[in-house]
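Working notes, structure below.
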Amino acid sequence: MARKKIALIGAGMIGGTLAHLAAMKEMGDVVLFDIAEGMPAGKALDLSQAGPVEGFDSTLKGTGDYADIAGADVCIVTAGVARKPGMSRDDLLNINLSVMKSVGEGIKTHAPDAFVICITNPLDAMVWALREFSGLPHNKVVGMAGVLDSARFRHFLADEFGVSVEDVTAFVLGGHGDTMVPVPAYSTVGGIPIPDLIKMGWSTQEKIDAIVDRTRKGGGEIVGLLGNGSAYYAPATSAIMMAESYLKDKKRVLPAAAHLTGQYDVDDLYVGVPVILGAGGVERVIEIELGDEAKANFQVSVDAVKELLEVCKGLEPSL
Ligand code: TXD
């Protein structure tokens, strides 16, 4: 059986980390595409030289030519500009929208059968734009944010409860950004929902509220600390999990920015919801019953995504 092909569009901090992870896991051969001269080839060569040490046989190629992504099984898109301190995700809109146009057209021409995972911010608007420009079916184009956001939530919860991160599940809905909606009632430690743990005296509502707030602002916290870029280790590993679920048809239940067609009373919008990811891409959107507070917060998040899309449509009349 031929190896799978993973195309990484954008070979910056997340792109390079994705390439490293994909090679280490031998997910397939890797193509690193970037407009920067020399850099993708440099990273590909550096990573290739890790192969003999690690024992992976994946080939890695750096390129600036879309023809090299031909036949990719998965494309993970990080191309664009990352946030700098003081810059909101929405400030990125203008630049990254035109980047999505060129990337979408490249994928349409050379890898129309790929499963596409968008990471570029502002996520919910960029995944929508990428789908529009690529023309791929909606179930084959998703956005990665929820796996990262819920990983951040899980990390903070595990810390608070003094338990293994493996035993913490977390549920995050909505757009990627300060309006995301962590749902404590569907987040558990060893299957015990957070509200029950509060009743058991393991934590307090105040502490959980503070964790929810820190999760929402998790990206900004790292931007502030790094000083010259945004998070890349956890975002990369989160996208790899989604790619593996597709390639291995694992049918994992993961939060992703998926195209809604009436679920959660949202129509024709990409927003973060739990989905089943398998060989068919997004095989099912899971529609859960939301409490009043989560429902109201979800609506705020949906409205924020809608507003951003309206700006996008104004910027790009051809959409
Ligand atoms: O949860 C999430 N979705 C995110 C999103 C979490 C963290 C960061 N998130 C966003 O990912 C971030 O705001 C950025 O929009 C992307 C990529 O972040 P990264 O840290 O990898 O950014 P870099 O290092 O600046 O890399 C971007 C690369 C860089 O090498 C550019 O030369 C390249 O993108 N680039 C392009 N490649 C191809 N084609 C075009 N047009 C292009 N323009 C820039």
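Just so you know, ligand 1 is whichever comes first in the structure, and atom 1 is the first atom listed for that ligand.
Heavy-atom distances between D149 and ligand 1 stay at or above 4.0 Å for every pair. In this structure, G229 does not count as a contact residue of ligand 1, since none of its heavy atoms falls inside 4.0 Å of the ligand.
Summarising the geometry, atom CG belonging to D73 is positioned 6.5 Å from atom OH belonging to Y246; distances are rounded to the nearest 0.5 Å.
Residue contacts with ligand 1: T120 is placed with no nitrogen or oxygen under 3.5 Å of a nitrogen or oxygen of the ligand (distance criterion only). The shortest N/O to N/O separation between P235 and ligand 1 does not fall below 3.5 Å. Ligand 1 has no nitrogen or oxygen under 3.5 angstrom from a nitrogen or oxygen of Y66. Considering backbone and side-chain atoms alike, M13 places an N or O below 3.5 Å from some N or O of ligand 1. In terms of polar-atom proximity, L148 is not counted as a contact of ligand 1, lacking any N or O under 3.5 Å from an N or O of the ligand.
Residue contacts with ligand 1, taken as heavy atom pairs separated by less than 4.0 Å, involve A231 solely via the backbone atoms N, CA, C and O. Only side-chain heavy atoms of H176 come within less than 4.0 Å of ligand 1; its backbone N, CA, C and O stay farther off.
For ligand 1, the atoms sitting less than 4.0 Å from at least one non-hydrogen atom of S102 are 41 (N), numbered in the order shown with element in parentheses. Below 4.0 Å from some heavy atom of M39 lie the following atoms of ligand 1, by number and element: 30 (O).
Side-chain contact of S203 with E160: a donor-acceptor pair under 3.5 Å is present, judged by distance alone. Side-chain polar atoms of N96 and T120 form no donor-acceptor pair below 3.5 angstrom.
Looking at D34, I117, L32 and measuring to atom 31 (C) of ligand 1, the nearest heavy atom belongs to D34. Nearest to atom 27 (C) of ligand 1 by heavy-atom distance, out of A11, G80, G10, is G80.
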Between D29 and K5, does the salt bridge (charged side-chain N to carboxylate O under 4.0 Å, His left out) criterion hold? Intermediate values first, please.
CA-CA 5 Å; D29 292 334; K5 182 166 174 177; over 6 Å; no

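Ion pairing of D209 with K207 is absent here, as no side-chain N (NZ or NE/NH1/NH2) approaches a carboxylate O to less than 4.0 Å.
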If you look only at distance, which donor and acceptor atoms sit under 3.5 Å apart when one is on a side chain in residues 161-175 and the other is two or more places apart or in another chain?
| residue | atom | partner | partner atom | Å |
| --- | --- | --- | --- | --- |
| S164 | OG | E166 | N | 2.9 |
| T169 | OG1 | T188 | N | 3.3 |
| T169 | OG1 | T188 | OG1 | 2.6 |

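Note on residues 250-275: pairs passing ring-ring contact (aromatic ring centres under 6.0 Å, His included), not counting sequence neighbours, are H138-H259, H259-Y270, Y264-F298.
The shortest side-chain heavy-atom distance between R214 and E221 falls under the 4.5 Å cut-off. Using a 4.5 Å heavy-atom threshold, the side chains of H20 and L47 count as touching.
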